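These notes are about the structure you will find just below.
First listed ligand is number 1; within each ligand, the first listed atom is number 1. Since the structure is predicted, the reported quantities are computational estimates derived from the model, not experimental observations. Values reported hereafter were calculated over all heavy atoms of this structure, with side chains retained and with hydrogens, waters and symmetry mates removed.
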Amino acid sequence: MSKRGLLIVVSGFSGAGKSTVTKYLVKNYPGYALSISATTRDPRPGEVEGKDYFYVTKEHFREMIASDSLMEYAEYTDNYYGTPKAFVEEQLAKGNNVILEIEVQGAFIIKDKYPDAVLVFVTAPSMETLIKRLRDRKTETEEKIQKRIAQMSREYRYIPRYEYYVLNDEVEKAAERLDAVIRSESYRTERCPEILEDIEKYLGGTK
Ligand code: 5GP
């Protein structure tokens, strides 16, 4: 039987490039799965249903909450976002490390419910770079950009509660750093009780 995978929460401000990094990681490193969230926001140009998000109505979203099919959910800039539970459970049981790319409120709901989860904050090299990336994306109106900046000022106080930072200066390097964090986490003594069990089984009876 394979060992259960790790639950990894990746957050970061809009424009930090977290989805590029997580997509790159899942594509190029073995043993990872990326959770696809449900959202009530409209698809951006180029986004694909079932790949970037499951785009649902507010009514459908409320049904998902009522039927307890979300691990967590949050309201963010006037829309709902949530993590479907079944896929995550299935992948963890298969031994894959599952990445949830979610915002701050959802991250701490996950940490409360699953204290084993690892919280990682992806950062751009500077706030200046980040705001520039957001504007260069040209997918949001200035009003929406301002809403996202206001959201950042509400969120930034929570950043020190994340366990790791991953700097995203270049996507390949950021993915390598994220993989290093997750692999080190998987070697923590409390995550490997079978090693001590084996030692005890052998030595426990000897004096
Ligand atoms: P965007 O609209 O830019 O795709 O996402 C807005 C924010 O919602 C991002 O910070 C993203 O990480 C977060 N988000 C995406 N999916 C989920 C989810 O399932 N739950 C929560 N809590 N946040 C999510």
With a 3.5 Å distance limit and no angle check, can you tell me whether [X] reaches the backbone of [Y] through a side-chain donor-acceptor pair?
X: Lys27; Y: Thr22; result: no
X: Lys85; Y: Asp68; result: yes
X: Asp169; Y: Pro125; result: no

Residues with a heavy atom under 4.0 Å from ligand 1, by chain and number, are Lys18, Ser37, Arg41, Arg44, Tyr53, Glu72, Ala74, Tyr76, Tyr81, Gly82, Thr83, Glu101, Ile102, Glu103, Gly106, Arg148
Is a side-chain donor-acceptor pair under 3.5 Å present for Glu103 with Gln105? yes
Evaluate side-chain contact (heavy atoms from CB on, under 4.5 Å) for Leu134 paired with Arg137, printing each intermediate quantity in order. CA-CA 5 Å; Leu134 205 54; Arg137 199 149 84 180; 3.7 Å; yes
Scan for salt bridge (Lys or Arg N to Asp or Glu O under 4.0 Å) pairs involving residues 155-164, sequence neighbours excluded, and state none if there are none. Lys111-Glu163
